[in-house]
Amino acid sequence: DMQDVSEQRDVRHQLCNSGDNDACFAIEFGACADRNPRIAIPACSRQLAVRDDRRTGGNTRFERAIRYMLRANAYMRQGDMERALSDYDLAVTADGTVFWMHTQRGDANFLAGNFEEALASYDAALALDPDLASVLSNRALVYAAAPDDEVRNPQQALADAERANALAPGQPAYIDGLAVAHAANGNFDRAIAELQRAIDLLPSDMPEVMDDYRKRLALYQQGMPYQIVPRPQS
């Protein structure tokens with residue numbers, strides 16, 4: 001990793017010192033998207049710290065939002081949820097016209113246990129595109145299984161889950177969400193049937209997901225709904 005970082009830095013310095021501004025921008029933007037947070041975070045930070053004075057056209061607000069989003073993704077890979085959430089907010093502030101900016105912010109807040117914030121982001125994404133099955137399914141999970149009574153809305157959860165499954169039938173994750181929604185509404189026989197269908201469709205190379213499904217199945221067989229347990233933040 002250290003060698004990769006050094007090589008990226010050397011290439012960037014050669015291009016920028018030669019006065020080739022477009023090439024300098026390209027290598028830096030590519031580094032911002034690197035899977036290694038030790039490369040991506042400083043590269044994104046450098047570009048966000050300077051004004052983009054290129055004259056090559058393009059949507060600079062969108063490009064700035066992308067840099068914030070890529071840095072947020074890198075912080076997520078590092079386990080730094082606080083900085084990731086801050087950057088997702090900045091990405092949406094820079095350009096909130098793209099649904100997946102809101103989706104990623106919603107998913108990050110979901111993982112952090114910030115369920116009201118997650119709902120707000122999912123609502124914003126669906127306002128831009130109402131046919132996002134994954135967003136509908138995730139919103140259904142929040143409405144069905146959030147630990148806060150004031151957040152839960154079992155009826156809306158079921159509507160969202162049914163819509164997600166109508167848009168993308170046969171997806172185990174969405175069928176599982178439908179089962180969660182049925183259980184939240186007290187329809188445990190239907191929850192059991194739907195979750196068993198998800199288990200039957202799940203690929204054999206996903207043992208952790210299978211384990212989660214079987215734990216939820218045991219809950220429904222006892223007449224108990226599933227409730228999300230937020231992951232501890234680092």
Novice: Can you check whether Gly96's main-chain N or O pairs, donor with acceptor, with His102's side chain at less than 3.5 Å?
Specialist: yes
Novice: Rounded to the nearest 0.5 Å, what's the gap from CZ on Arg71 to CG on Leu90? Could you check?
Specialist: 7.5 Å
Novice: Is any side-chain heavy atom of Tyr88 closer than 4.5 Å to one of Ser121?
Specialist: no
Novice: At their closest point, which heavy atom of Cys32 faces which heavy atom of Ala43, and how far apart are they?
Specialist: N-CB, 3.6 Å
Novice: Does Asn109 form a side chain to side chain contact (heavy atoms under 4.5 Å, CB included) with Leu85? I'd like the steps, not just the answer.
Specialist: CA-CA 7 Å; Asn109 275 294; Leu85 289 172; 3.6 Å; yes
Novice: Between Arg77 (side chain) and Pro37 (backbone), is there a donor-acceptor pair under 3.5 Å?
Specialist: no
Novice: Can you see which heavy atom on Leu70 is nearest to which on Cys44, and at what distance?
Specialist: CB-SG, 4.1 Å
Novice: Run the numbers on Gln78 and Ile41 for side chain to side chain contact (heavy atoms under 4.5 Å, CB included), then give the verdict.
Specialist: CA-CA 10 Å; Gln78 269 194 340; Ile41 292 170; 3.4 Å; yes
Novice: So, do Asn73 and Gln104 sit near enough that their side-chain heavy atoms are less than 4.5 Å apart?
Specialist: yes
Novice: In Å, rounded to the nearest 0.5 Å, how long is the span from CG of Asp160 to CG of Leu126?
Specialist: 7.5 Å
Novice: Leu136 and Val180: same hydrophobic cluster, using ILVMFWY side-chain contacts below 4.5 Å?
Specialist: yes
Novice: Is Ile192 reachable from Met224 through a run of hydrophobic residues whose side-chain heavy atoms are each under 4.5 Å from the next?
Specialist: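 Yes, it is one cluster - the side chains of Met224 and Ile192 are joined through contacts under 4.5 Å.
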Novice: Treating Ile, Leu, Val, Met, Phe, Trp and Tyr as nodes and any side-chain heavy-atom pair under 4.5 angstrom as an edge, say whether Met76 and Ile66 lie in one connected cluster.
Specialist: yes
Novice: Evaluate Leu217 against Tyr213 for side chain to side chain contact (heavy atoms under 4.5 Å, CB included), listing each step before the verdict.
Specialist: CA-CA 6 Å; Leu217 185 62; Tyr213 284 6; over 6 Å; no
Novice: Does Asn114 reach the main-chain N or O of Glu117 with its side chain, forming a donor-acceptor pair under 3.5 Å?
Specialist: no
Novice: Run the salt bridge (Lys or Arg N to Asp or Glu O under 4.0 Å) test on Arg83 and Asp80 for me, step by step, so that the C-alpha distance in whole Å, both residues' side-chain angles and the decisive distance to 0.1 Å come before the verdict.
Specialist: CA-CA 6 Å; Arg83 285 193 174 95; Asp80 192 338; 2.7 Å; yes
Novice: Measure across Pro172 and Ala198 and return the closest heavy-atom pair with its distance rounded to 0.1 Å.
Specialist: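 In this case the closest contact between Pro172 and Ala198 is O-CB, 3.6 Å.
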Novice: So, do Leu195 and Asp176 sit near enough that their side-chain heavy atoms are less than 4.5 Å apart?
Specialist: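 Yes. Closest side-chain heavy atoms under 4.5 Å.
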Novice: Which heavy atom of Ala133 sits nearest a heavy atom of Tyr174, and at what distance?
Specialist: CB-CE1, 3.7 Å
Novice: Fit a plane to each ring of Phe62 and Trp100, take the angle between them on a 0 to 90° scale, and name the class: parallel (under 30°), tilted (30 to 60°) or perpendicular (over 60°).
Specialist: perpendicular
Novice: Considering all heavy atoms of both residues, which atom of Gly106 and which atom of Ala118 are nearest to each other, and what is their separation?
Specialist: O-CB, 3.5 Å
Novice: Any luck finding a side-chain donor-acceptor pair between Asp89 and Tyr68 under 3.5 Å?
Specialist: no
Novice: Heavy-atom count around Glu116 CD within 6.0 Å, excluding the residue itself: above 12?
Specialist: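 For Glu116, atom CD is not crowded (no more than 12 foreign heavy atoms under 6.0 Å).
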Novice: Consider only side-chain heavy atoms of I, L, V, M, F, W and Y, link residues closer than 4.5 Å, and tell whether Tyr220 and Leu141 are in one cluster.
Specialist: yes
Novice: May I ask you to decide if the ring planes of Phe110 and Phe115 are parallel, tilted or perpendicular, using 30° and 60° as cut-offs?
Specialist: perpendicular
Novice: Going hydrophobic residue to hydrophobic residue with side-chain gaps under 4.5 angstrom, can you get from Leu201 over to Met206?
Specialist: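 No.
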Novice: How long is the straight-line distance from CE of Met101 back to CE of Met69, given to the nearest 0.5 Å?
Specialist: 5.5 Å
Novice: Going from CZ on Arg105 to CG on Asp87, what distance comes out if it is rounded to the nearest 0.5 angstrom?
Specialist: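 Nearest 0.5 Å value for the CZ-CG distance: 12.0 Å.
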Novice: Give, for atom CG of Leu132 and atom CZ of Arg139, the distance between the pair rounded to the nearest 0.5 Å.
Specialist: 10.5 Å
Novice: With heavy-atom distances below 4.5 Å as the criterion, would you say the side chains of Arg64 and Asp95 are in contact?
Specialist: no
Novice: Please name the pair of heavy atoms, one in Ala184 and one in Ala144, separated by the smallest distance, quoted to 0.1 Å.
Specialist: CB-O, 3.5 Å
Novice: Assess whether side chain to side chain contact (heavy atoms under 4.5 Å, CB included) is satisfied between Leu178 and His182, documenting all intermediate values.
Specialist: CA-CA 6 Å; Leu178 183 59; His182 274 299; 3.8 Å; yes
Novice: Would you confirm whether Arg67, through its side chain, and Leu48, through its main-chain N or O, come within 3.5 Å as a donor-acceptor pair?
Specialist: no
Novice: Where do Lys215 and Asp211 land on the salt bridge (Lys or Arg N to Asp or Glu O under 4.0 Å) test, with the steps shown first?
Specialist: CA-CA 6 Å; Lys215 288 177 181 176; Asp211 186 54; 3.3 Å; yes
Novice: Roughly how far, to the nearest 0.5 Å, is the CG atom of Leu167 from the CG atom of Asp131?
Specialist: 5.0 Å
